Amino acid sequence: MTQAPVVTPAAETVAETHPEDVLVLEDVRIHDDLSDTELVHGVSLRLRRGQVVGIVGESGSGKSLTCRAVLGILPELIEVSGGSITLLGRDAATLTRRDWTALRGAAIGAVFQDPASYLNPSITVGKQLQEVLRVRGGLSRKDAHRRAVELFDSVHLRDPEQVYRQYVHELSGGMLQRVLIAIAISLDPDILIADEATTALDATVQAEILDLLAELTERLGLALVLVSHDLAVVAQLCDEVLVLRDGHVVEQGPTARILHDPQEAYTRLLVAEHEQYGLERYLGTTADAVLPTEELNRV
Amino acid sequence: MRVQIGKRRPTAVVVAALVAALGMVLAGCGGSASGGAGGDSTVRWGTKQIQANWDPIVTGSTGATIYLTPIYESLFTVDGERHVVPALASGYEYNAAGDQITITLKPGLTFQDGSPVDAEAVKFNIERIKTQENSALKGSYNNVETATVVDPLTVRLDLGQQDYQIPYLLAVRGGMLPSKTAAQADPGRLNTAAPVGAGPFTVASYDPESKIVLEKWDGYWDAANIKVDRIEINFGVDPSTLTAGLQSGVYNWAQLDPQQADEAEKAGFDVLASVDRHWGIQFLSLNTNKAPFTDPAVVEAVRYAVNPEEYSTKLGFGLAAPAHQPFPEGHPAYVSALNAEHPYDPAKARDILAKAGYADGSVSFDLSGMAIQSGQIAEILQEQLKAVGITANIALLDQANWGKGYYSKSVAASLFGYVGRDSHVQALTEHYDAGGVLNLSSPTTSPEFQEALKAVRATPIDAPDYEAKLQAAAQAGYEHGSTVALYSLASVVAKDESISDPPAIDGYQSWKGVQFTPGTQ
Amino acid sequence: MIKVLLRLPSARIAIGVLLVIAVITLFGPVLAPYDPLQGSDLTLAPPSAQHWLGTDYTGRDVLSRILAGAPLSIVSTLEVAGIALVLGTIPGILSVYLGSIFEWVSLRLIDTLVALPFLVFAVAMTALLGNGITQAMIAVGLLVAPLFYRVARAATLTVAQSQYVEAAVLAGASTGWIVRRHVWAKVLPPIAITLATTLGLGLVVISSLTFLGIGVQPPTPTWGGILASDLDYLPQKAYAPVFPAVIILVTVLAFNMLADAIRDAAGQSGRVLVGARAAKANRARRVAA
Amino acid sequence: MRRSRGRRLAVSIGKPLAVFVPVFLLGTFFTFLLGHLSGRSPAYIQLGDAATPEAVAAVEHEWGLDRPFGVQYVDWLGDIFRFDLGESWFNGHSVAEVLLDRAVITLSAAGVALVIGVVAGFALGALAARFHATWVDRAVTGFTTTISVLPPFVVGIALVAVFAVSLDLLPAAGYVPIEAGLGPWLSHLILPAIALSFDTVADVARQLRDGLVSTKRENYVTGALVRGLGPRRIFFVHVLRNGVGPALAVLGLKFPALLGGAVVTEAIFGLSGYGVFATQAAIRGDVPAVQGVLVVSVVLVVLFNLVVNVVLNRLAPAAARGV
C-alpha cells in the first residue's frame, strides 16, 4: 500500500467531502417493510481511490445488505430508509434505474461468494466477459474477444483462450472467482466490492485470490470494500475495518488499532477467537496492513 | 476504455417485430374467410352420418342409399307418382303366370369404367346378391331364383312364386347396378375404396369415411338432365357445428337434426322437411325369442305402455307425428285401423302384466340402440316403461357394435329406424318375414302374415284390389309381429337458396334437374 | 405452511368453493328439488321459479340433474386422481431407493405412458376394453400417473442428496424410516399441488369423453354428460351449456387456484405475497414518519 | 473444443435415442397387448349377421389370430419396421396409407397450435414474470388457468359460434391442403388450432412464468445486473435463456396432448384427421387401426421430444443436463 491508512471515524467526517472520496456512506439505515424492522442501524464509511476497507461480521450482521445497498440491489421490500450513499459524488437516492445501470460495471463492480452461481451456466464464461466489453465497452466482437483474453490473462488464469470457451460447470471455484474478478474489473471501475469472495474456497486458493485483489488494488488504483466474516482475511488487506453486529457498527477504525487494541467487547471476542485459531501468525505484521505475498503462499 | 451507456441492443426489437409480424399473418387470415367456397356448381354436403360401405349389395336398401344414388343407376327408377319408369332398362314384361319377368336393357350403355351395361352384368349382380357372404339384399331377393341371359340386352328372372313386385325391387334402393368388371376384380375394393356404377357421377377422390368427391360423368344415359358439376360429401360432422358450417359457407347442403331446422330456416336456408320427400319411422324391435318377450303378454303390455305422442312432441320439433305402424300416413301400406288398436293405456299395461303373473318391477331387459340416434328416445321409453313397472336398462352402442347384436338377432330389444323401400312387399318382408333384417324375432314369423304376403305378391300392382291386399298384409304383419312403432319424422335437409329443389320423390335423392341459380353463388 | 396458505385470499376462496362442491357431492341427490330422471311435458323450458335452471329435452329439471350428477362426476375425478396418485407417487419415491434396475424400468415405463396421446389412448382403452366409466377412469388415471411419478421422484431426489439424509443413512437409519421422516415432508407439498391440478383435469377429461359418447349411459346424469347433451339443443337453448360448464369450470378452477396457492405458500414468493399489503402499509407509515 | 461441442450434440441425440428404443418397444407392446386383451375380432365386424362360430374361426385364421400371442406380436412388430401397419378389419384399407393422409391434417393443426402455444404462451409467461406479483401477473395467471380448464369441445363450439358464425371471419369447418395456398390453408386451421392450443398456451405460460421468476432470483442475474447490463438485455439473454428450460420441457410433454386433443377438435371442426379416425376405429373395435394410430403417435412424440432436447441443449446446455 502506497497510501497511508486514513482513519475516518463516522462522527467526525459526516459533513466533509474529499475529491478523492469514491464512496461515502453516512448513517445508512436499511429497513425491512415486511417485518417492519430495521436491519441496519446506521453505517458510515468513506473510501478513497486505492484504499481498502474491510467489513467484518457474522452472517446476519448486515454486512451483505450494506454491500447490496451500495450496489443498488436490495431484495424486494427491503429499502434504504435513512442516511445517504454517495457514489463518485452522486447521491444514490437520486439515481434512476438507468443511472444505476450506467454506474454498475463502469464505476462499481462486485464479486461474491460462490462464484459459480454468479455466472450464467448456459453461456461460456468468455462470452459473458465479451458481452460486457461489447455492450458496455463498445468494443467490436473481435476486439472484445482479444481484450477478454487479455483480462483473463491479467487475473492469472492459465491458458486464457481455453478458459474463454469453457462453461461454468467445467471450471473450478478458484478459476471462476478469477473469471468474476476479470469481469468485474473489465470496465475499469473505481470501486470493487468483494462480498465474502474467498469464503467458499480452500485455503491455498483463498490466499491466491486475496493476493490477486491486493495486486489489482495497487495496479489499478481500485478502491476495495472487502467483506468477510473472517477477521483474518480482512486483516490481510484492509486499511480500515468496520465491525458489524446485528446491524450496528460495533467498532470502526484502522486495521492495526482494531486488531491490537479493540475497544469493544465483541471485537475483543473476535480477535481472541482468531488468536486461538491462528490469527496470531498475522498479528505481528498487520501493522503494515498487508502480508508479503510469498509468505501468504506458504500458509 | 470508453463506457457505453444505454445503447439498445437489437434482440428485443427483433423479437417484438417477429411477434407482431406473426400476429399480422394470423389476423390476415380473416380476409380469406370464404376461401373454401368454389365458384362452380358444387354441392358441398355435410352430414353427421358416416358412410363406410359403397357396394349397394353390402349397404342394403337403407337410408344410406342417398349417398349411393349419385354413383349408381338402377335398372328402373320411380317418378313423382312412384310409378316405375325406365332407367338402364328400357322395359320389362311378365309371363302370364306372373312367375317370370324379362327385362330389356337400353343399348350402348356403359359403366363408369367403360365396361358394358349388359345382361351378363345384371345376372352377375343378382348372383352376387344371392351368394356373396356380406350381401344385405339376400332376403329381399328371396323370391328371385335364377337369372338367365337371353341375349346381350335381355335378361330373364325366374321367380319362386307369383310376384309382381320385382320391377319395384329393381328400382332405386334394391336395384342399383355396380360394374361387373370392378365387382369381379375385387368386391372388397368396390365396397370400401372405389365404387363404380353407371350413375350420373364418378368418384374423383375418396378419403375413407370422411370425404368423397364426385364429379359429373358424361357417359350417364340421362346426362343432359344433370346440371351439378360436383358433389362433395363430408361425413361425420359434429351435429352442433353443421348449421355453423352452413352459415359460414363451408356447406351448401346439410342433413340436420329436427331441432336445427328452425335455426337453418331463420338463417335463410331452404329447409326440405316433409314426409313426401324423406321420412323415417322410429320403432322398438322386441325379440320374441329372448326373455322377457317370449311371453306375448309382455309384448302386449309394452304396446300399451308406450305413448307415441310424447316422442313426437318432445323430439319432433314440429316435424313429427305419433306412429302406430312402420309406415307414415299416405303410404300405400298405411292401415288406419292400426291407430286405434293399441292406444296409450298404462293402466291396461299394468293389468296385462299382473294377469300374466308379473309382480311390479319384475320385468326387466337391456335396451340396445345406436348412441348416435337413439339416446333421447331410449330415455323417454325407459320412463314410459318404468311407469308400468318394466325396467329397461339402456345399453347404447356405436353403429358397428350395435349392428352386430341387432343383425345377429342376439339382443332382446333395440331401437331402430326405417326409411321405406321402393318395393312395398320388400318393406313388409324386411319387417315381418323370416329373414327380414328388421325382424328382430327372426326367424319367427306368423302364418297370418305369410298368407297375406302371398296374396299381395300375386296381385299386379295396377290391380284395383292391390292396396287392400297390401294393407291386409301390413296389418297382419304388425299385429302378429313384435315391432312397436313410436313416431314418424321428416328427414331434414337444409340447402343454400342458390340450389334448386330436387325432385320430390319419396325416399329417393335424385339430382336430375337440380341446378344452381346463376348469380347467387 | 397451511397457516400461510390460509392467509392467501385465493386459497380461502378455493377452499370455500370446494367445500360447497363437497356439500353438493355428499347431499346433491337429496337436495335436488325434482326427480332427476323424471321427465315432464315442459321440455327445454327457460329458467323459472319452478325450475331455476330450466328443463332439458325430456322435461327434466336441470338443477336437479346437476345436483344429482355431482357424486358420479366428483367421485370419478377422485378416482382418476387416486389411481394416478398411487400409481405415480409410490414408484416415483421408490425409484430413488430400490436400485438402478427398478429405476431404469420405471423411468422407461413412465416415458412410454407420457408418449401415448392422452385422449386417443383413453378412447382406445375404453372402446376396446368395454365402454364404461371405470375403464375410462383407469385409462386416464394411468396416463396422469407420470405427473405424480416425476414430481415425487424429483422431490425425493433432492431429499436423498441432502446432507441430513446422508447423515441419517450413516447413522444406520432404515429406508422406511427415512421415507417416513424426511421424504414425506419434502414430497407432500409438490404432490399436493399435482393432486389439486389432477382433480381438475379429471373432470375436464371425463366431460370430453362423454362428449365423444364414451363412459356414461343415459339417463345417468353427470356434469359432462349434461353439457354434451345440451350441445344438441343449441338452436333452442343456446345458453343451456352454460350451467353445467360453469359448475365444471368453477370446480376445476378452484382446484387449480388451490394448487397455485399451495405453490405460492410453499415457495419463496409466499412470504412476499402474504405480506405485500402489510409491507405497503408499513412503508407508508415509515415514509410518513 | 470443437470435438466437445460435437460430443454434446451427440449426447443430446444419443441420450433420447437410448430412451426412444425402450419406449418404442414398450409402447408398441402395450398397444398390441391392448388390442389382444380387447378380445375383438375382425370376424364380427366383417361377417355381421353371418357370424357363425365356424365362420368366425375361419376369418380369425385368415388374419392369423389363432397363432400364439408372442408370434403375433413379433410378426406385427416386424411389419411396423417395414412401415406396414396392417389392414383395417373394418374396410381392408392399409392403415399406414390412411394414417399418412390423415396425419398431414392433424400435424398441420397441431403444428399451428404449437406455434400459437409457443408465441402466446411465451408472451403471457414473460409478461407475468416481468411483472411478477403485480396485478398483471395475477391477471395472466387467472386467464391461463381459465383457458386451461375449459373443456376443449366447449372452446371449439364457442370459437365456431363467434368467429365463423357471428363475425363470419373464418370458415367453420373443413380442411384445405396447403397446395391450395397458404391463406386458405391457414384460415381453415386457425380456429381448430386455437382450440387445440389453449392447454399448451396455459401450460407454457405457467411454466415459463415460474421458470423466469425462479431464474430471476438466480445469482447470475444479480451478477449480470452488477456488471451493468440493462434490464432488457438481462431478461432476453440471461433470464429467458435459462428460464425457458421447464417451458420447453413441457412443450415436449404437450405434444402428445396436442395429438390427443385432436380427437375432440377434429370432430367439431370437421377435420378428417387422425383423431377422428382414432375415435371411429376405437369405437368400432378396429384393432389394427387403433394400434396403428398409437404406434404413429408414439413415434411422433418421441421424435418431437428429440427435437426439443436438441433445442434445449443448444439454448441452455446446463438446463438440458438435468433433462
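Please read all numbers here as calculations on a predicted model, not as lab measurements. We name chains A, B, ... by the order of the sequence lines, and we start the count at 1 in each one.
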statement: Between the CD atom in A/E131 and the CZ atom in D/R227, the distance rounded to the nearest 0.5 Å is 7.5 Å
message: At a 4.5 Å cut-off on heavy atoms, which part of A/A110 comes close to chain D: side chain, backbone, both, or neither?
response: both
- request: For A/R219, look at atom CZ and say whether over 12 heavy atoms of other residues, nucleotides or ligands are found less than 6.0 Å away.
  value: yes
query: Do the side chains of A/F112 and D/V226 get nearer than 4.5 Å, heavy atoms only?
result: yes
- request: Taking all non-hydrogen atoms of both residues into account, name the closest pair between D/Y220 and A/P121 and its distance.
  value: CE2-CD, 3.3 Å
field: Reported CG-to-CG distance for the pair A/L119 and D/N219, which is rounded to 0.5 angstrom
entry: 10.5 Å
- prompt: Would you say A/K127 has more than 12 foreign heavy atoms packed within less than 6.0 Å of its NZ?
  reply: no
message: As an exercise: rank A/I183, A/I193, A/V168 by heavy-atom pairs under 4.5 Å with chain D and give me the winner.
response: A/I183
- request: Would you confirm whether A/R136, through its side chain, and D/G228, through its main-chain N or O, come within 3.5 Å as a donor-acceptor pair?
  value: yes
- request: Check the pair D/V237 / A/I123 against side chain to side chain contact (heavy atoms under 4.5 Å, CB included), numbers first and verdict last.
  value: CA-CA 9 Å; D/V237 176; A/I123 309 178; 3.9 Å; yes
query: Do other residues, nucleotides or ligands put more than 12 heavy atoms under 6.0 Å from D/F24 CZ?
result: yes
- prompt: How would you list, by chain and number, every residue that makes a side chain to side chain donor-acceptor pair (under 3.5 Å) with A/R146, sequence neighbours excluded?
  reply: A/E150
Chain D contact via A/I108 - side chain, backbone, both or neither, heavy atoms under 4.5 Å: backbone
Validation row: D/T222, A/R68 side chains within 4.5 angstrom (heavy atoms): yes
